[in-house]
A.B. asks: 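Handing you this structure, nothing more for now.
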Amino acid sequence: MSKRLFNFCAGPAALPEAVLQTAQAELLDWQGKGLSVMEMSHRSDEFVGIAEQAEQDLRDLLTIPSDYKVLFLQGGASQQFAQIPLNLMGEGGSADYIDTGIWSRKAIEEASRYGHVNVAASGKARDYFAIPGQNEWQLSDDAAYVHYASNETIGGLEFSWIPEVGDKPLVVDMSSDILSRPLDVSRFGLIYAGAQKNIGPSGLVVVIVREDLLGRAHSKCPTMLDYNVAAQNGSMYNTPPTFAWYLSGLVFKWLKEQGGVESMARLNDAKQRKLYAAIDASELYSNPINIADRSWMNVPFRLADDRLDKPFLAGAEQRGLLNLKGHRSVGGMRASIYNAVPEAAVDALVAYMAEFEKQHG
Ligand SMILES: Cc1ncc(COP(=O)(O)O)c(C=O)c1O
């Protein structure tokens, strides 16, 4: 018998066990058709049905308005760092970006290759421990759009509010917090999310884009990167990552069975409260993020003495608590507690943290 341990990986992250079981059961013979989803033509009625159902379930989960296209693309979220300016910035244009940490800086760096980037606000002066308030943002008049990352997966900062940017299209990297709570999609011009946290397997990226933003691509934009081409071809201009799309569809179905994003929000809130409470009550662990900006999805924490990191991680692994090591750029620990990470995983982690503190605190 195989065993499933508690996986706190930031991504590719834990998937719901029920989804993996369905995929396993259907792997050799999808619904009596005698073949795997991986072996089907993407043009077949069967796969088109899988793809359309996945899109519909995502639309239901996020109440996506009908004037938005949902695209299932390749290249992960990082490719969007280029694809967004190539489609939305205009030739020689400019855009406003908010800098809240490593992922938003990567987006800034890439967009700078295609036009002028105005960093309208930055968390740098506060060591990226807080999100700059909207009153500090210096938006520019000629920006084609405003970009931010709603959750900094490495730093552990998350916007608990949606920025107000007037009539500019608001563009958000929601890779690590999409579907973790309800969302008013109509406030955005474009939402993108790499799949490997709350959606499905890596490599796939979901883009939700308002229709009026299509058809604006740079004349040199590669065909494969033009949102309009993707939209007109149902995200099948070329062969899409069919298995990742199918698996994401199973995750959407699972989310609906769990009660949708409202239920996820209640569960995620309970999980994050428990974990931050344990950190804040301890003498050994600490999290530096401004309390209002703490991420519900990625909880970084440090031990008072770095020399305890190794024994902490070794003990965690012995207890079946996997992937707690922080990102190599910041060190310390990080517990990623996405939708598919059950509350029992957080309970087990909190219990282990208390036990470790008793021994080493
Ligand atoms: C917020 C955020 N944006 C972008 C990325 C890059 O995603 P990908 O590896 O799919 O390109 C990540 C990856 O972890 C992320 O967390």
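In this text, all values refer to a predicted model and were calculated from it rather than measured experimentally.
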A.B. asks: Please answer whether the main-chain N or O of Asp141 pairs with a side-chain N or O of Lys168 as donor and acceptor at a distance below 3.5 Å.
C.D. replies: yes

A.B. asks: Would you check if the side chain of Trp137 reaches a backbone N or O of Pro132 as a donor-acceptor pair within less than 3.5 Å?
C.D. replies: yes

A.B. asks: I'd like to know whether OH of Tyr237 has more than 12 heavy-atom contacts from other residues, nucleotides or ligands below 6.0 angstrom.
C.D. replies: no

A.B. asks: Examine the side chains of Gln21 and Gln24 and answer whether a donor and an acceptor come within less than 3.5 Å of each other.
C.D. replies: no

A.B. asks: Counting neighbours of CD on Glu91 that are heavy atoms of other residues, nucleotides or ligands and sit closer than 6.0 Å, is the number greater than 12?
C.D. replies: yes

A.B. asks: Kindly give the heavy-atom pair with the smallest separation between Phe6 and Pro342, and that separation in Å.
C.D. replies: CE2-CG, 3.9 Å

A.B. asks: Applying side chain to side chain contact (heavy atoms under 4.5 Å, CB included), can you list everything that pairs with Lys69, at least two apart in sequence or on another chain?
C.D. replies: Leu71, Val209, Glu211, Leu214, Ala231

A.B. asks: Just jot down the side chain to side chain contact (heavy atoms under 4.5 Å, CB included) partners of Arg187, sequence neighbours excluded, or say none.
C.D. replies: Ile162, Glu164, Asp184

A.B. asks: Is the backbone N or O of Asn339 less than 3.5 Å from a side-chain atom of Asn198, with the two atoms forming a donor-acceptor pair by type?
C.D. replies: yes

A.B. asks: Indicate yes or no: at least one non-hydrogen side-chain atom of Asn298 is less than 4.5 angstrom from one of Ser176.
C.D. replies: yes

A.B. asks: I want to check something: taking the side chain as every heavy atom from C-beta on, are Glu52 and Gln56 in contact at a cut-off of under 4.5 Å?
C.D. replies: no

A.B. asks: When you look at Glu357 and Tyr285, which way does the side chain to side chain contact (heavy atoms under 4.5 Å, CB included) test go after all the steps?
C.D. replies: CA-CA 9 Å; Glu357 182 164 7; Tyr285 311 106; 3.7 Å; yes

A.B. asks: According to a hydrophobic-cluster definition based on side-chain heavy atoms being under 4.5 Å apart (Ile, Leu, Val, Met, Phe, Trp, Tyr only), do Val206 and Ile84 belong together?
C.D. replies: no

A.B. asks: With ring centroids as reference points, do Tyr148 and Tyr97 lie under 6.0 angstrom apart?
C.D. replies: no

A.B. asks: Got Leu255 and Met264 here, is their nearest side-chain heavy-atom distance under 4.5 Å?
C.D. replies: yes

A.B. asks: May I ask you to say whether Asp269 pairs ionically with Arg273, meaning some side-chain N is under 4.0 Å from a carboxylate O?
C.D. replies: yes

A.B. asks: Assess whether a salt bridge exists between Glu55 and Arg59, defined as any Lys/Arg side-chain N lying under 4.0 Å from an Asp/Glu carboxylate O.
C.D. replies: yes

A.B. asks: Between His360 and Asp305, is any pair of side-chain heavy atoms under 4.5 Å apart?
C.D. replies: no

A.B. asks: Would Leu250 end up clustered with Ile199 when hydrophobic side chains under 4.5 Å apart are linked, directly or stepwise?
C.D. replies: yes

A.B. asks: So, Ser263 and Gln258: side-chain donor and acceptor under 3.5 Å apart, yes or no?
C.D. replies: no

A.B. asks: I want to check something: taking the side chain as every heavy atom from C-beta on, are Val251 and Leu15 in contact at a cut-off of under 4.5 Å?
C.D. replies: yes

A.B. asks: Using the side chain to side chain contact (heavy atoms under 4.5 Å, CB included) rule, take Gln80 and Leu73 through it: C-alpha gap first, then chi angles, then the decisive distance, then the call.
C.D. replies: CA-CA 10 Å; Gln80 295 306 308; Leu73 306 178; 4.1 Å; yes

A.B. asks: Between the side chain of Asp226 and the main-chain N/O of Ala217, is any donor-acceptor distance below 3.5 Å?
C.D. replies: no

A.B. asks: Is there a donor-acceptor pair under 3.5 Å between the side chain of Tyr338 and the backbone N or O of Ala10?
C.D. replies: yes

A.B. asks: Return yes when atom CD of Glu283 has more than 12 non-hydrogen atoms of other residues, nucleotides or ligands closer than 6.0 Å, and no otherwise.
C.D. replies: no

A.B. asks: Between Asn87 and Cys221, which heavy-atom pair has the shortest distance, and what is it?
C.D. replies: ND2-SG, 4.2 Å

A.B. asks: Are Val171 and Phe188 close enough that some pair of their side-chain heavy atoms sits under 4.5 Å apart?
C.D. replies: no

A.B. asks: My understanding is that only residues two or more places apart in sequence, or in another chain, count here; which of them pass side chain to side chain contact (heavy atoms under 4.5 Å, CB included) with Pro201?
C.D. replies: Ala244, Leu247, Ser248

A.B. asks: Assigning hydrophobic clusters by single linkage (Ile, Leu, Val, Met, Phe, Trp, Tyr; side-chain heavy-atom cutoff under 4.5 Å), is Ile50 placed with Met236?
C.D. replies: yes

A.B. asks: Would you mind telling me which of Asn287, Asn151, Asp177 makes a side chain to side chain donor-acceptor pair (under 3.5 Å) with Ser295?
C.D. replies: Asn151

A.B. asks: Which heavy atom in Lys197 sits nearest to a heavy atom in Thr153, and how many Å separate them?
C.D. replies: NZ-CG2, 4.1 Å

A.B. asks: Counting distance only, does the side-chain N/O of Glu110 pair as donor-acceptor with the main-chain N or O of Phe81 below 3.5 Å?
C.D. replies: no

A.B. asks: Will you find, in the side chains of Asn268 and Arg181, an N or O donor that is under 3.5 Å from an N or O acceptor?
C.D. replies: no

A.B. asks: Would you mind reporting whether Phe72 and Leu204 have side-chain heavy atoms less than 4.5 Å apart?
C.D. replies: yes

A.B. asks: Using residues 349-356 as the side-chain source, report each donor-acceptor pair under 3.5 Å to any protein atom, sequence neighbours left out, with the distance given to one decimal.
C.D. replies:
from, atom 1, to, atom 2, distance (Å)
Tyr352, OH, Phe312, O, 2.6
Tyr352, OH, Ala316, N, 3.2
Glu355, OE2, Arg319, NE, 3.4
Glu355, OE2, Arg319, NH2, 2.5

A.B. asks: State whether Lys3 and Glu17 are salt-bridged, where the test is any N-O pair (Lys NZ or Arg NE/NH1/NH2 against Asp/Glu carboxylate O) under 4.0 Å.
C.D. replies: no

A.B. asks: If you look at every heavy atom in Pro240 and Ser235, which pair is closest and at what distance?
C.D. replies: CB-O, 3.8 Å

A.B. asks: Give the intermediate values and the outcome of side chain to side chain contact (heavy atoms under 4.5 Å, CB included) for residues Met40 and Thr242.
C.D. replies: CA-CA 9 Å; Met40 283 176 191; Thr242 52; over 6 Å; no

A.B. asks: Identify whether the distance between the nearest side-chain nitrogen and carboxylate oxygen of Lys106 and Asp173 falls below 4.0 Å.
C.D. replies: no

A.B. asks: Does Val146 offer a backbone N or O that forms a donor-acceptor pair with the side chain of Asp96 under 3.5 Å?
C.D. replies: no

A.B. asks: Does the pair Asp60/Lys256 count as a salt bridge with the N-to-O cut at 4.0 Å?
C.D. replies: yes

A.B. asks: Verify, without hydrogens or angle tests, whether Glu317 (side chain) and Ala314 (backbone) share a donor-acceptor contact under 3.5 angstrom.
C.D. replies: no

A.B. asks: If only side-chain N and O atoms count, and only distance matters, is there a donor-acceptor pair under 3.5 Å linking Glu26 with Tyr246?
C.D. replies: yes

A.B. asks: Checking side-chain polar atoms at under 3.5 Å, does Ser150 have a donor or acceptor matched by the opposite partner on Glu158?
C.D. replies: no

A.B. asks: Is it the case that over 12 heavy atoms from other parts of the model lie below 6.0 angstrom from the CG atom of Asp212?
C.D. replies: yes

A.B. asks: How far apart are the closest heavy atoms of Leu303 and Met333, and which atoms are they?
C.D. replies: CD1-CG, 3.8 Å

A.B. asks: Would you say Arg43 has more than 12 foreign heavy atoms packed within less than 6.0 Å of its CZ?
C.D. replies: yes

A.B. asks: Just do the side chain to side chain contact (heavy atoms under 4.5 Å, CB included) check on Leu86 and Tyr114 with the steps written out, would you?
C.D. replies: CA-CA 7 Å; Leu86 277 166; Tyr114 301 102; 3.8 Å; yes

A.B. asks: Which residues satisfy the side chain to side chain contact (heavy atoms under 4.5 Å, CB included) test with Asn323, sequence neighbours excluded?
C.D. replies: Asn7, Cys9

A.B. asks: Mind checking what makes salt bridge (Lys or Arg N to Asp or Glu O under 4.0 Å) contact with Glu343, not counting sequence neighbours?
C.D. replies: Lys274

A.B. asks: What heavy-atom pair brings Leu27 and Met38 nearest, and what distance separates the two atoms?
C.D. replies: CD1-CE, 3.7 Å

A.B. asks: Hey, is Arg302 close enough to Asp306 for a salt bridge, meaning N to O under 4.0 Å?
C.D. replies: yes

A.B. asks: Looking at Asp309 and Leu313, would you say the former's side chain and the latter's main chain have a donor-acceptor pair under 3.5 Å?
C.D. replies: no

A.B. asks: Measure from NZ or CZ of Arg105 to the centre of the six-membered ring of Tyr128, then state whether that distance is under 6.0 Å and the direction lies within 45° of the axis.
C.D. replies: yes

